[in-house]
Amino acid sequence: MEKELIDSLISGADKLCLDINTAQAEKMLEYMDAVIDRNRVMNLTSVIEPKQFIETHIIDSLTPLPFIPEGASVIDIGTGAGFPGIILKIAREDISLTLLDATGKKLDFIREAASALSIDIEEFVHMRAEEASHKSEYREKYDIAIARAVAVLPILCEYCLPFVGLGGCFIAMKGREISAEAASAEKNASDLGAEEPEIKGLILPYSGSERNLIIYTKKHSTPEKYPRSNAVLKKLAR
Ligand code: SAH
């Protein structure tokens with residue numbers, strides 16, 4: 001594997017104080033190769049240039065690491081091609097990872113690629129988030145729910161907070177200028193049982209792109225009527 005790519009991953013992560021070793025970096029790059037390869041026959045990502053992939057999908061996926069406690073159970077909601085979940089799991093073997101997506105073909109890809117690389121996934125959930133979290137086996141069962149590029153924040157809170165147990169967190173991975181989005185989610189997040197979020201801004205090391213992690217801690221149990229149906233949620237997007 002190209003040393004230059006390994007260096008670019010390790011030193012880019014290091015600029016954000018995220019520590020990964022060579023073996024982990026190699027595994028992440030092998031996963032990248034699997035995504036780029038499968039992308040020829042299946043739409044997984046528009047980013048296929050390796051250096052750009054390293055920043056957009058790998059380093060970005062690592063940014064929540066400091067907020068994930070040792071041994072946490074983590075559910076990645078709308079994981080797509082496995083981001084951020086797979087990258088977090090390669091960096092931190094101590095977490096127990098569940099991947100949820102409405103698209104079965106993407107989960108099939110991840111299952112195959114993860115197994116080839118001996119990445120241990122606790123569970124794959126092929127369901128819509130707003131259906132899965134009404135089931136007792138998933139509801140309020142995770143220390144951390146996380147999502148990147150799935151929906152606007154008021155809807156995303158409703159997708160994700162019902163999965164989080166009391167005292168756990170939902171981490172929304174967002175781009176720049178999130179204050180209006182965060183304000184529009186305020187009432188819904190509180191109704192769903194969350195405290196005021198903490199917002200951590202950061203800058204990606206190569207492009208200088210801004211990112212924000214919006215971290216909601218669960219203070220109260222989510223009332224049973226949430227999440228509401230997709231038809232109701234769609235109206236929150238307007
Ligand atoms: N998190 C990945 C993928 C983002 S694309 C990344 O950042 O690269 C959005 C993904 O969310 C798609 O795979 C889509 O199938 C899934 N998704 C969107 N709405 C969903 C819902 N309500 N329940 C489950 N999955 C959903």
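Note that ligands are numbered from 1 as they come in the structure, with each ligand's atoms numbered from 1 the same way. Here the structure is a predicted model, which is why all the values come from computation and not from measurement.
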Report task. Could you name the protein residues that come within less than 4.0 Å of ligand 1, counting only heavy atoms, and order them by chain and residue number? Result -> G78, T79, G80, F83, L100, D101, A102, T103, K106, M127, R128, A129, E130, R148, A149, V150, Y159

**Report entry** Side-chain heavy atoms of L62 within contact of M28, under 4.5 Å
**Finding:** yes

Report task. Evaluate the side-chain proximity of N188 to E158: yes if any heavy-atom separation is below 4.5 Å, no if none is. Result -> yes

Report task. Determine, using ring centers only, whether F170 and Y159 are less than 6.0 Å apart. Result -> no

Requested in this report: Considering only NZ, NE, NH1 and NH2 on the basic side and carboxylate oxygens on the acidic side, decide whether E137 and K135 come within less than 4.0 Å.
Outcome: no

Query raised in the report: Are M173 and I68 connected in a single hydrophobic cluster, I mean Ile/Leu/Val/Met/Phe/Trp/Tyr linked by side-chain heavy atoms less than 4.5 Å apart?
Result: yes

Query raised in the report: Can you find a heavy atom in the side chain of S184 that is under 4.5 Å from one in the side chain of L153?
Result: no

